[in-house]
Amino acid sequence: MKYYSTRDTSVRLTSAEAVKQGLSRDGGLLTPEMIPQIDGEFLQALSTVSYQERAAKVMGLFLTDYTEEELREFAQNAYGPDKFDNPAVAPLWKVNDGAYCLELWHGPTSAFKDMALQMLPQLLSAALRKTGEEKTACILVATSGDTGKAAMEGFADVPQTKIMVFYPKDGVSAVQEAQMVTQEGENVNVCAVVGNFDDAQAGVKRIFSDVSMRKSLADRGYFLSSANSINWGRILPQVVYYVSAYCDLLHQDCLQLGEKMNVCVPTGNFGNILAAYYAKRMGLPINRLICASNCNDVLTDFLRTGVYDRNRPFHTTMSPSMDILVSSNLERLLFDLSGENDREVRGYMEALAADGKYEVSEEIKAALEGQFWGGFCGEPETLDTIARYYKEYGYLIDTHTAVAANVLEQYRRETGDQTLTVFASTASPYKFCDHVLRAIGEVPQGNGTDLLDQLYAVTGIAVPSRLAALKGKARRFEQTAEKAEMENAVQAFLK
């Protein structure tokens, strides 16, 4: 299996090289040259095995220069009981006969990013060995809230790596910020960026594309890599949990083999729903991919019109991990739907950079209409959905999960489609205590980690142990930079 760039199909890398490099040097995203296919026999076999075994089997189809033994070991390390508080790793919670919530937040940082970022450091460390790399990997991360902590947790004190995380100042929840600025590890650093997530993400991409910066770092023994979902090593472990969800439904006799399910995903950068798309392309029986946005609804408009236009107000919301107007992973979808036309994709990305918008071809519009449905959920509706789920189902959800739940309800009303649907729950409600408390009729007493105890006292739902441990923990990082100063911050970190 080789990997090539969405902007230049003449690029050919092994899977280890793709994981190590993260982003193609031309700015494109590295993508597998083919999508392996799975069948009913494959799914039936996986329905009775552990999540770790499922992960090794699915990833092995794409990572052909990793051995099956390596991937099994990595999966045990990534998803074992010392990391995840539920033996199912990504359990399903039945809402009603037609909807199941896929809980992706049982890992060390209580967010879905753990599903990939407990695996990526192991894939990258192995990639360094496989490619004979002697330099230290400098991993740069832009985060809208959850990726930063999950990446640092995964890479903390991993040999031959350093990691620097940029997050939007005043653009993440108090708990998310506390998780990042208290992170332990000698090889980690955190910096707030004056701006929003798109500013931080653009800054990281700018650094990756800076030839002189790369040369300067190489001369000092470093090379750049990424832990954002622009890295294939982030997307692939996310494919696994959609396959796993279907296998669980089979095992529980909720579906018959071959029967289709819908998938509804709250997303801003498009990586989480792209993973579901790839699972469908592999042959997983998925009918409709429902893309849920908050009031930063650029993806909703795109899926409905074929026009991507980031020239709109940016909203800071109670679901900050989705506060994004430039959805990087959409590029991989465009590449696939265009018949892997790198020239066409390059044109779209150039138009986005120059004008902040582009319009896709009629062929891509038709493909989007046939497979996707986009909707968005505003702030009042998000609170209302949290309240209803708690009252009607006794189930407490966070703000991002509420967006997915609400958009799923919209989809069913508008289409009449009652296909069994799995919707992704991407974070523990304890990461957004303030908003969750208000939604269920409580007045928050305090700020940040002070609210963990209050939410527990009201609901009786256990606080994830690592979040509870944040209380009273000293801040290690206080750095803030203008977006134009991000390169200097990296240089200073690597002195």
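By convention here, the first residue in the shown sequence is residue 1. Because the structure is a prediction, the values reported are computed rather than measured.
- Between the side chain of Asn269 and the backbone N or O of Ser328, at least one donor-acceptor pair lies under 3.5 Å.
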Would Arg12 and Tyr3 count as a side-chain contact (heavy atoms from CB on, under 4.5 Å) if you check the C-alpha gap in whole Å, the side-chain angles of each, and the deciding distance to 0.1 Å? CA-CA 6 Å; Arg12 282 292 189 279; Tyr3 290 75; over 6 Å; no

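- Note: Phe62 and Trp232 have tilted aromatic rings, judged against thresholds of 30 and 60 degrees for the angle between ring planes.
- Side-chain contact between Phe335 and Thr9 is present, with at least one heavy-atom pair separated by less than 4.5 Å.
- Annotation: side chain of Thr143 is not in contact with side chain of Phe166 (no heavy-atom distance under 4.5 Å).
- Other residues, nucleotides and ligands contribute at most 12 non-hydrogen atoms within 6.0 Å of the CD atom of Gln256.
- Phe314 contributes atom CZ, which lies 8.0 Å from atom CG of Asp199 (distance to the nearest 0.5 angstrom).
- The environment of Phe376 atom CZ is sparse: at most 12 non-hydrogen atoms of other residues, nucleotides or ligands sit within 6.0 angstrom.
- Met152 contributes atom CE, which lies 11.0 Å from atom CG of Leu117 (distance to the nearest 0.5 angstrom).
- Heavy atoms only, all atoms of each residue included: Thr419 and Arg412 are closest at O-NH2, 3.2 Å.
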Item to check | Verdict with reasoning, Val188 to Phe155, per side-chain contact (heavy atoms from CB on, under 4.5 Å) | outcome: CA-CA 8 Å; Val188 306; Phe155 279 100; 6.0 Å; no

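- One N or O on the side chain of Asn329 and one on the backbone of Ser229 form a donor-acceptor pair closer than 3.5 Å.
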Could you check Lys57 against Glu68 for salt bridge (Lys or Arg N to Asp or Glu O under 4.0 Å), going step by step and ending with a plain yes or no? CA-CA 8 Å; Lys57 289 290 188 183; Glu68 187 170 330; 3.3 Å; yes

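- The CD atom of Gln418 lies 10.0 Å from the CG atom of Asn262; values are rounded to the nearest 0.5 Å.
- Counted within 6.0 Å of CD on Gln160, heavy atoms from surrounding residues, nucleotides or ligands total more than 12; the atom is thus considered enclosed.
- Using a 4.5 Å cut-off on side-chain heavy atoms (C-beta onward), Ser327 and Tyr308 make contact.
- Residues Asp297 and Arg312 are paired through a salt bridge, judged by an N-O separation under 4.0 Å between the basic side chain and the carboxylate.
- Inter-residue side-chain proximity for Val141 and Val204 is flagged as unmet; no heavy-atom pair is nearer than 4.5 Å.
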Practice problem: For salt bridge (Lys or Arg N to Asp or Glu O under 4.0 Å), just list the numbers for Lys365 and Glu362, CA-CA rounded to whole Å, side-chain angles, deciding distance to a tenth of an Å, and then say yes or no. | Solution: CA-CA 5 Å; Lys365 288 180 184 178; Glu362 293 303 316; 3.3 Å; yes

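- Between Lys83 and Glu153 there is no salt bridge, since none of the side-chain N atoms of the basic residue sits less than 4.0 Å from a carboxylate O of the acidic one.
- Under the salt bridge (charged side-chain N to carboxylate O under 4.0 Å, His left out) criterion, Asp97 pairs with Lys94, sequence neighbours left out.
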| task | Using the ring-ring contact (aromatic ring centres under 6.0 Å, His included) rule, take Phe112 and Trp105 through it: C-alpha gap first, then chi angles, then the decisive distance, then the call. | result | CA-CA 5 Å; Phe112 83 103; Trp105 43 263; over 10 Å; no

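- Taking 4.0 Å as the cut-off between side-chain N and carboxylate O, Asp210 and Arg206 do not count as a salt-bridged pair.
- Between Asp248 and Arg54, at least one side-chain N (NZ, or NE/NH1/NH2) sits under 4.0 Å from a carboxylate O, which counts as a salt bridge.
- In terms of modelled atom types and a separation under 3.5 Å, the side chain of Ser338 and the main chain of Asn341 share a donor-acceptor contact.
- Contact between Pro32 and Glu340 at its shortest, heavy atoms only, is O-OE2, 4.4 Å.
- Side-chain contact of Asp384 with Tyr389: a donor-acceptor pair under 3.5 Å is absent, judged by distance alone.
- Using a cut-off of 4.0 Å between Lys/Arg side-chain N and Asp/Glu carboxylate O, Lys130 and Glu17 are scored as not salt-bridged.
- When side chains are defined from C-beta on, Arg288 does not count as touching Lys260, because their heavy atoms never get closer than 4.5 Å.
- Partners of Glu379 according to the side-chain hydrogen bond (donor to acceptor under 3.5 Å, both in side chains) rule, which considers only residues two or more places apart in sequence or in another chain, do not exist here.
- You'll find the ring centres of Trp93 and Tyr100 outside the 6.0 Å limit.
- Residues passing the side-chain hydrogen bond (donor to acceptor under 3.5 Å, both in side chains) test with Tyr66, sequence neighbours excluded: none.
- A heavy-atom distance below 4.5 Å is found between the side chains of Leu124 and Ile139.
- A salt bridge links Asp336 with Arg281: the distance from a Lys NZ or Arg NE/NH1/NH2 to an Asp or Glu carboxylate oxygen falls below 4.0 Å.
- Shown here is Gln37, whose CD atom has more than 12 heavy atoms of other residues, nucleotides or ligands within 6.0 Å.
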